[in-house]
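These notes concern the structure reproduced below.
Predicted model, so just to flag it, every value in this text is computed and none were measured.
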Amino acid sequence: MEETNELIQERIKKLQRLKDSGVDPYGVSFDAKDKAREIIDKYGHIAKEEFETKNDNCTIAGRIVAMRDFGKACFAHVQDITGKIQVYLRKDILGEGYGLLKNIDIGDIVGLTGKVFKTKTGELTLEVKDISLLCKSLRPLPEKWHGLKDIETRYRQRYVDLIVNPNVREVFLKRSKAIKSIRNFFDSRGFIEVETPMMQPVPGGATARPFKTHHNALGIDLFLRIAPELYLKRLLVGGYEKVYEINRNFRNEGISTKHNPEFTMLEFYIAYADYQYLMNFTEEIITYVCKDVAGDLRVTYTISEDKEEIIDFTPPWKRLTMAEAMEAYGVDPSVFKDLAGAREFAVKNRIDIDKNASHGKVLDEIFKEKVEPYLIQPTFITDYPLELSPLAKRKKDNPELVERFELFIAGREVVNAFSELNDPEDQKGRFLKQVEARQAGDEEASFMDEDFVRALEYGMPPAAGEGIGIDRLVMILTNSSSIRDVILFPQLKPEA
RNA sequence: GGGCCUGUAGCUCAGUUGGCAGAGCAGCUGACUCUUAAUCAGCGGGUCGAAGGUUCGAAUCCUUCCAGGCUCACCA
């Protein structure tokens with residue numbers, strides 16, 4: 001971090017010269033009335049000749065990203081949040097102010113006012129009348145042509161990535177837009193946005209290993225939440241009928257292109273609705289967000305280097321039960337009969353399964369291996385085995401299945417939703433089952449949450465609840481192949 | 001955690017059989033008032049990821065370690 005090289009030394013010298021000449025190299029506030037993009041939009045279509053009689057001035061602030069020096073004149077590009085615009089500095093116009101240029105580098109942040117015109121080659125340009133340095137930059141930016149490619153540097157020094165890679169800026173603008181769009185959607189439909197604990201004494205609402213932390217004053221261990229579910233349902237008990245939360249979940253598991261230890265989840269609950277209602281509702285939300293962010297219901301997604309797919313969000317989306325989907329992708333229906341049948345199929349197809357795995361778990365494994373990767377277009381899968389869903393309501397006609405669906409897009413689970421179990425006795429029994437599984441060594445099994453059962457005993461209206469993985473959704477909307485490309489500061493090992 | 005790959009100048013990358021460490025951009029000096037990967041002349045810049053080993057000699061071969069990528073396992 002302390003490294004200094006010749007290029008930095010040069011800039012420090014310039015910094016000193018600026019100070020010596022009475023220039024504040026770290027500027028003050030600057031009223032940048034105009035934006036690069038707006039200027040280009042406003043004047044771009046006007047013919048070059050017309051500028052000869054015009055005298056329109058604009059004021060912008062931004063970072064110098066390119067410079068072409070001619071001795072007594074200089075072209076540069078200045079970049080602000082909206083984009084880049086060329087500026088033209090002339091000694092005969094700037095007079096003494098032109099001397100500032102000697103100590104200015106690519107990367108410096110400047111504010112300037114100039115007359116709008118078009119160059120010989122037709123590029124809209126500001127002929128600078130006044131320039132002030134707002135911030136001297138001490139480190140050289142990556143090369144102008146190849147930019148910053150090194151993935152590690154891009155993630156570790158995201159600020160540099162954002163300066164030089166416009167597509168990266170674009171991705172995170174889209175992410176912000178997607179989240180705003182989701183809020184609009186829910187707010188306009190009578191939901192209230194809530195915040196529930198990130199630090200929980202009993203981690204629940206999902207099957208995953210939690211992070212543990214400690215509160216000194218209370219003298220207790222707490223867990224970073226793996227899901228907000230149990231708290232949001234407590235709010236249904238409390239009388240709120242439509243709630244949503246957009247916030248971070250934390251899971252103490254592997255890191256991959258699809259997993260970051262902290263990730264953003266949207267969860268929402270609707271009293272008196274069920275999972276069937278939610279499927280339609282999900283189509284509505286996602287098409288709403290997709291239109292807003294991508295401008296179209298069809299988006300291109302790069303599945304792998306040599307495989308690109310157009311994902312079409314035009315509803316209705318395909319709906320299959322887990323069993324139907326398995327059959328459609330060539331899984332022998334005998335797997336549903338019993339554990340032995342499922343196990344046999346798994347072994348035959350070289351699917352790794354834990355030797356203690358239950359029937360439901362084995363089915364889940366087979367599904368993940370044989371079906372999930374092929375669900376490219378948005379597809380709802382319904383009717384999951386009870387034991388995989390300790391918080392979901394049983395199906396009336398088959399109590400071993402639950403009223404649940406997951407939505408798959410591009411071969412990935414993006415949504416998980418179900419009719420919420422509101423029978424306290426059943427819930428308590430399911431918790432106990434989970435506790436048993438935990439004692440038998442399943443580290444992901446849930447803990448008993450006594451207070452949640454107590455809440456259900458007061459009565460929770462029948463309700464439907466859903467979780468949407470925001471990072472994964474944004475990946476699809478921005479054609480990003482790694483979750484790290486949609487998280488500003490993804491988790492990495494500390495720099496050596 | 002396993003397998004495969006990568007790490008060389010600020011950035012993007014070459015580096016042959018083990019034989020003086022290279023290019024482009026960026027930087028510095030000079031020229032240049034419509035360039036846009038500006039151009040022209042010249043100059044400087046390296047812990048070759050780290051440590052150890054083999055060798056007369058290592059960026060290059062071997063071992064270990066560090067970081068990253070892809071992938072598998074686990075998961076969302």
Open item on the list: Quick test of the criterion, 5.5 Å between centres and less than 30° between planes. Is A/Phe75 stacked on B/U35 or not?
Closed with: yes

Task: Nearest to side-chain heavy atoms of A/Arg472, which nucleotide of B/A76, B/U35, B/A26 - done: B/A76

Open item on the list: So, does A/Arg156 get its side chain near the phosphate of B/G68, meaning an N or O under 4.0 Å from OP1 or OP2?
Closed with: yes

- [ ] Remember a base hit wins even if backbone is also touched, and classify A/Thr153 as base, sugar-phosphate or nothing at under 4.0 Å, heavy atoms.
- [x] nothing

TODO: Using atom CD of A/Glu413 as one end and atom P of B/C74 as the other, report the distance to the nearest whole Å.
DONE: 15 Å

TODO: Check whether any side-chain nitrogen or oxygen of A/Arg484 sits under 4.0 Å from OP1 or OP2 of B/C70, and answer yes or no.
DONE: yes

TODO: Counting heavy atoms from C-beta on, name the nucleotide in B/A67, B/C32, B/A26 closest to the side chain of A/Asp69.
DONE: B/C32

TODO: Test A/Leu126 against every option in A/Val87, A/Thr59, A/Leu89 by the side-chain contact (heavy atoms from CB on, under 4.5 Å) rule and name the one that passes.
DONE: A/Val87

TODO: Can you tell me the distance, in whole Å, between the CD atom of A/Gln491 and the C1' atom of B/G68?
DONE: 15 Å

- [ ] Let me know the distance between CG of A/Asp161 and P of B/C11, rounded to the nearest Å.
- [x] 14 Å

TODO: Enter the distance from A/Ile64:CD1 to A/Ile104:CD1 here, rounded to the nearest 0.5 Å.
DONE: 5.0 Å

- [ ] Output yes when at least one side-chain N/O atom of A/Arg68 is less than 4.0 Å from OP1 or OP2 of B/U35, else no.
- [x] no

TODO: Give the nucleotide from the list B/U12, B/A73, B/G69 with an atom nearest to the side chain of A/His146.
DONE: B/U12

Open item on the list: Consider salt bridge (Lys or Arg N to Asp or Glu O under 4.0 Å). Of A/Arg139, A/Lys136, A/Arg63, which one does A/Asp108 pass it with?
Closed with: A/Lys136

TODO: Rounded to whole angstrom, note down the C1' distance from B/C70 over to B/G10.
DONE: 28 Å

Task: Distance between P atoms of B/A21 and B/U47 (Å, rounded) - done: 14 Å

TODO: With heavy atoms under 4.0 Å as the rule, sort A/Gly467 into base, sugar-phosphate or nothing.
DONE: nothing

Task: Sugar-phosphate, base or nothing in reach of A/Gly469, heavy atoms under 4.0 Å - done: nothing

Task: A/Ile8 CD1 to B/C11 P, straight-line distance once rounded to whole Å - done: 10 Å

TODO: Quick one: label A/Phe117 by what it contacts on the DNA or RNA (base, sugar-phosphate, nothing), any heavy atom closer than 4.0 Å.
DONE: base

Open item on the list: Mind checking if A/Asp471 touches a base, just sugar-phosphate, or nothing, with heavy atoms under 4.0 Å?
Closed with: nothing

Open item on the list: Nearest to the A/Arg251 side chain among B/G69, B/C32, B/A76, which nucleotide is it?
Closed with: B/A76

- [ ] Tell me yes or no: between the side chains of A/Gln16 and A/Asp20, is some donor less than 3.5 Å from an acceptor?
- [x] yes

- [ ] Could you work out which one of B/G69, B/C32, B/U12 sits closest to the side chain of A/Lys72?
- [x] B/C32

Open item on the list: Let's see if you can work this out: which of B/G69, B/C70, B/C28 has an atom nearest to the side-chain heavy atoms of A/Thr257?
Closed with: B/C70

Open item on the list: Taking the C1' atom in each of B/C5 and B/C20, what is the distance between them to the nearest angstrom?
Closed with: 31 Å

Task: Stem regions touching RNA chain B, defined by at least 3 consecutive Watson-Crick or wobble G-U pairs below 3.5 angstrom - done: B:1-7 with B:66-72, B:10-13 with B:22-25, B:27-31 with B:39-43, B:49-53 with B:61-65

Open item on the list: Between A/Asp150 and A/Glu127, which residue's closest nucleotide on RNA chain B lies nearer the 5′ terminus?
Closed with: A/Asp150

TODO: Rounded to the nearest angstrom, tell me the gap between atom CZ in A/Phe70 and atom C1' in B/A31.
DONE: 12 Å

Task: Presence of A/Lys149 side-chain N/O under 4.0 Å of B/C11 phosphate oxygens OP1/OP2 - done: no

Open item on the list: Less than 3.5 Å apart, any donor N or O on the side chain of A/Arg175 or A/Ser480 sitting next to an acceptor on the other?
Closed with: no

- [ ] Quote, to the nearest angstrom, the C1' distance that separates B/U17 from B/A58.
- [x] 14 Å

Open item on the list: For A/Lys91 and A/Leu141, find the nucleotide of RNA chain B closest to each by heavy atoms; which residue's nucleotide sits nearer the 5' end?
Closed with: A/Leu141

Open item on the list: I'd like to know if the side chain of A/Asp150 pairs up with that of A/Tyr155 as donor and acceptor (distance under 3.5 Å, no hydrogens or angles considered).
Closed with: no

Task: Cation-pi geometry met for A/Arg319 and A/Phe405 (6.0 Å, 45°) - done: no

- [ ] Tell me yes or no: between the side chains of A/Glu466 and A/Thr282, is some donor less than 3.5 Å from an acceptor?
- [x] yes

TODO: Assign A/Glu143 to base, sugar-phosphate, or nothing according to its heavy-atom contacts below 4.0 angstrom with the strands shown.
DONE: base

Task: Polar side-chain contact A/Glu6-B/G44 base: donor and acceptor under 3.5 Å - done: yes

Open item on the list: I want to check one thing: is the phosphate of B/U35, taken as OP1 and OP2, less than 4.0 Å away from some side-chain N or O of A/Thr125?
Closed with: no

Task: Separation of B/A76 P from A/Phe250 CZ (nearest whole Å) - done: 17 Å

TODO: Would you confirm whether the ring centroid of A/Phe268 sits within less than 6.0 angstrom of the ring centroid of A/Phe281?
DONE: yes

Open item on the list: Categorize A/Leu492 for me: base, sugar-phosphate, or nothing, with a 4.0 angstrom heavy-atom threshold over every strand shown.
Closed with: sugar-phosphate

- [ ] Report which part of the nucleic acid A/Glu365 touches: base, sugar-phosphate, or nothing (heavy-atom distance under 4.0 Å, all strands).
- [x] sugar-phosphate

TODO: Select base, sugar-phosphate, or nothing to describe what A/Thr207 touches, counting heavy atoms under 4.0 Å on all strands.
DONE: sugar-phosphate

Task: Check: A/Gly360 main-chain N/O paired with A/Glu387 side-chain donor or acceptor under 3.5 Å - done: yes

Open item on the list: Just by distance, no angles: are the side chains of A/Tyr269 and A/Glu267 close enough, under 3.5 Å, to form a donor-acceptor pair?
Closed with: yes

- [ ] Answer yes or no as to whether B/G24 has its base stacked against A/Trp145, where stacking requires a ring-centre separation under 5.5 angstrom and planes under 30 degrees apart.
- [x] no

Task: Donor-acceptor pair present, A/Gln86 side chain and B/U35 base, under 3.5 Å - done: yes

- [ ] Using the C1' atom on both, measure B/A26 against B/G45 and round to a whole Å.
- [x] 11 Å

TODO: Kindly say if A/Lys14 contacts the phosphate of B/C28, meaning a side-chain N or O under 4.0 Å from OP1 or OP2.
DONE: yes

Task: Any donor-acceptor N/O pair, A/Glu420 side chain to A/Gly465 backbone, under 3.5 Å - done: yes

Open item on the list: Please determine whether a side-chain nitrogen or oxygen atom of A/Lys493 lies at a distance below 4.0 Å from atom OP1 or OP2 of B/A67.
Closed with: yes

- [ ] Remember a base hit wins even if backbone is also touched, and classify A/Asn252 as base, sugar-phosphate or nothing at under 4.0 Å, heavy atoms.
- [x] nothing

Open item on the list: Tell me the interatomic distance from A/Ile483, atom CD1, to B/G69, atom P, rounded to whole angstroms.
Closed with: 13 Å

- [ ] Kindly point out which of B/U35, B/A76, B/A38 is positioned nearest to the side chain of A/Thr119?
- [x] B/U35

TODO: For B/U63 and B/U54, measure between their P atoms and round to the nearest Å.
DONE: 15 Å

Task: Rounded distance (Å) that lies between atom P of B/G45 and atom CG of A/Asn5 - done: 13 Å

TODO: Measure from the side chain of A/Ser482, starting at C-beta and using heavy atoms only, and say which of B/C11, B/U33, B/C70 lies closest.
DONE: B/C70

Open item on the list: Roughly how many Å apart are B/A50 and B/C66, using the C1' atom of each and rounding to a whole number?
Closed with: 7 Å

- [ ] Quote, to the nearest angstrom, the P distance that separates B/C11 from B/U16.
- [x] 22 Å

